[in-house]
Amino acid sequence: MDAYELIMRNAEEVVTDEEVRELASNPDGKRAYVGYEPSGVLHLGHLLTANKLIDLQEAGLEVVVLLADVHAYLNGKGTFEEIRETAEQMRAQFLAYGLEEDQTEFVYGSEFQLDEEYTLDLHTLELETTLNRAQRAMAEIQGGETAKVSHVVYPLMQTLDIEYLDLDLAVGGIDQRKVHMLAREELPELGYDVRPCLHTPIVADLTSGEGKMSSSEGVTISMEDSTDELEDKVNSAFCPPTADPEGDLENPVLELFEYHVFPRFEEVVVERPDEYGGDITYESYEALEADLESGELHPADAKGTLASYLDELIAPGREKLREIRS
RNA sequence: CCGCCCUUAGCUCAGACUGGUAGAGCAGUCGACUGUAGAUCGACUUGCCCCCCGUUCAAAUCGGGGAGGGCGGACCA
């Protein structure tokens with residue numbers, strides 16, 4: 001795979017394709033980032049963007065992980081001290097997961113977001129942005145509740161981060177789209193360059209196959225799941241024998257194969273008793289999907305396989321968490 | 001600063017006028033059926049009724065005080 005293909009793999013969307021092609025043509029020294037609100041335990045949502053960061057490293061880019069402590073504070077996630085602690089745990093889990101330590105720069109938001117210059121730029125941005133616009137940009141991040149002033153400042157800071165971290169590419173889930181569009185619109189107003197952005201898909205809810213899998217509701221697979229818990233969760237997942245279920249539903253089991261398993265493994269071996277046809281090896285997601293669709297691969301076998309591969313991906317982080325907590 | 005509304009199961013809410021220690025839908029859990037899950041049947045679980053004080057034999061319900069949330073008025077700095 002060349003740099004462009006690596007960058008684009010499993011991306012839901014890229015803005016704009018031309019800008020990304022240019023980036024891919026000369027990735028040396030180029031910087032990409034994802035910002036995360038510190039969380040004590042990584043879940044598959046985090047790992048989806050982490051997979052993209054690994055792709056980008058492989059494509060030759062430098063990767064910046066923003067441990068967004070100030071953002072977490074603005075979002076009511078606790079005291080700075082608590083946030084710092086969970087951020088440190090998050091960093092350790094990312095490294096355990098497979099981000100290359102010497103190619104990954106971890107930055108705390110508070111290292112630069114409280115500087116005078118940054119703050120003044122922030123106020124300029126506040127002056128340029130309507131409440132309505134900022135609130136819409138934040139809508140995906142904060143469900144339901146009435147917005148606080150902190151919530152509308154939040155996306156404005158994300159905008160500035162792209163400049164202040166000296167980035168060439170902003171990465172996030174598709175839920176970050178509005179924030180990134182705001183950034184593309186506003187950065188030139190401050191005299192800064194527009195950067196391309198890349199959005200990863202959001203995996204459907206595991207049990208229902210609808211909408212988005214979220215950490216706040218429904219079943220989430222995380223670094224702290226034991227092998228047994230993981231098997232139970234995967235086994236209870238919605239999984240009709242097709243890649244395209246009726247209505248708006250998705251097949252989350254296939255999505256997990258596509259976005260989490262195949263990017264990290266050369267081949268996937270389905271072990272099954274002779275009674276059901278014996279073992280099968282897949283070298284691409286497409287082949288596995290086709291077999292599920294045709295009935296050659298039974299959903300139950302797909303689930304068992306998925307659970308064991310996810311378990312392998314999560315194991316180092318789980319071990320790291322255990323160390324941290326002991 | 002003033003006024004109005006809201007607070008009951010994980011969620012959305014009913015019950016309050018006419019006191020008698022709580023309900024629905026959804027969610028969830030468990031079975032049956034499928035070599036998975038879902039769908040479909042069958043069964044089941046859940047509550048500091050926001051807090052404190054008072055009235056009463058008895059308060060989710062009435063009175064007073066307080067907290068949290070929402071909306072509006074006033075102000076036009």
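Note on naming: letters A, B, ... go to the chains in the order of the sequence lines (proteins, then strands), and numbering restarts at 1 for each one. From a predicted model like this one, the values you see are computed outputs, not experimental measurements.
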In this structure, how many angstroms lie between the P atom of B/G35 and the OH atom of A/Y276, rounded? 8 Å
Pick from A/T129, A/L122, A/T124: which one makes a side chain to side chain contact (heavy atoms under 4.5 Å, CB included) with A/E126? A/L122
Could you tell me how far apart A/L306 (CG) and B/U36 (P) are, to the nearest whole angstrom? 17 Å
Considering only the C1' atoms, how many Å lie between B/U8 and B/A59, rounded to the nearest integer? 14 Å
Indicate yes or no: does A/E296 engage A/R272 in a salt bridge with an N to O separation below 4.0 Å.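 A salt bridge is present here (some side-chain N lies under 4.0 Å from a carboxylate O).
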Residue among A/L256, A/V203, A/T220 satisfying side chain to side chain contact (heavy atoms under 4.5 Å, CB included) with A/L44: A/L256
Do A/R264 and A/Y97 form a cation-pi contact, if we require the NZ or CZ to be under 6.0 Å from the six-membered ring centre and within 45 degrees of the ring's axis?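 Output yes; distance and angle both within limits.
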Regarding A/D161 and A/Y118, is there a side-chain donor-to-acceptor distance under 3.5 Å anywhere?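 Distance-only check passes for A/D161 and A/Y118.
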Quick one: A/L254 CG to B/U36 P, roughly how many Å, whole number? 17 Å
Starting from A/L127, walk the hydrophobic network (Ile, Leu, Val, Met, Phe, Trp, Tyr; side-chain heavy atoms closer than 4.5 Å) and list everyone else you reach, by chain and number. none
Between B/G10 and B/U29, how far is it from one P atom to the other, in whole Å?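 Their P atoms lie roughly 15 Å apart.
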Using the six-membered ring wherever Trp is involved, compare the ring planes of A/Y36 and A/F94 and label them parallel, tilted or perpendicular (cut-offs 30° and 60°).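 Correct class here is tilted.
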Judged by atom type as modelled, is there a donor-acceptor pair below 3.5 Å linking the side chain of A/E283 to the main-chain atoms of A/E267?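 Between the backbone of A/E267 and the side chain of A/E283 there is no qualifying donor-acceptor contact (under 3.5 Å).
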If you measure from the P atom in B/C26 to the same atom in B/U21, how many Å do you get, rounded?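 About 27 Å, rounded to a whole number of Å.
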Between B/G28 and B/G66, how far is it from one P atom to the other, in whole Å?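 The same atom, P, in both gives a distance of 42 Å.
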If you measure from the P atom in B/G42 to the same atom in B/G25, how many Å do you get, rounded?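 Here B/G42 and B/G25 have their P atoms 13 Å from each other.
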Using the P atom as the point on both nucleotides, what is the distance between B/C50 and B/C17, in whole Å?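 B/C17 and B/C50 have their P atoms separated by 15 Å.
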If we take the C1' atom in both B/G15 and B/G20, what is their distance in whole Å? 14 Å
Whole-angstrom distance between B/C4 and B/U45, as gauged at atom P: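 Between the two P atoms, the distance is 43 Å.
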Taking atom P of B/U36 as reference, at what distance in whole Å does atom CD of A/E275 sit? 13 Å
All stems with RNA chain B, defined as three or more consecutive Watson-Crick or G-U pairs under 3.5 Å: B:1-7 with B:67-73, B:10-13 with B:23-26, B:28-32 with B:40-44, B:50-54 with B:62-66
Assess the side chains of A/E62 and A/Q57: does a donor N or O sit below 3.5 Å from an acceptor N or O?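 No donor-acceptor contact under 3.5 Å links the two side chains.
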Protein N or O to nucleotides 37-41 of chain B N or O, pairs below 3.5 Å:
residue, atom, partner, partner atom, Å
B/A37, O4', A/A237, O, 3.3
B/A37, O4', A/K303, NZ, 2.8
B/A37, O2', A/S236, O, 3.1
B/A37, O2', A/A237, O, 2.7
B/A37, O2', A/F238, N, 3.2
B/A37, N3, A/C239, N, 3.2

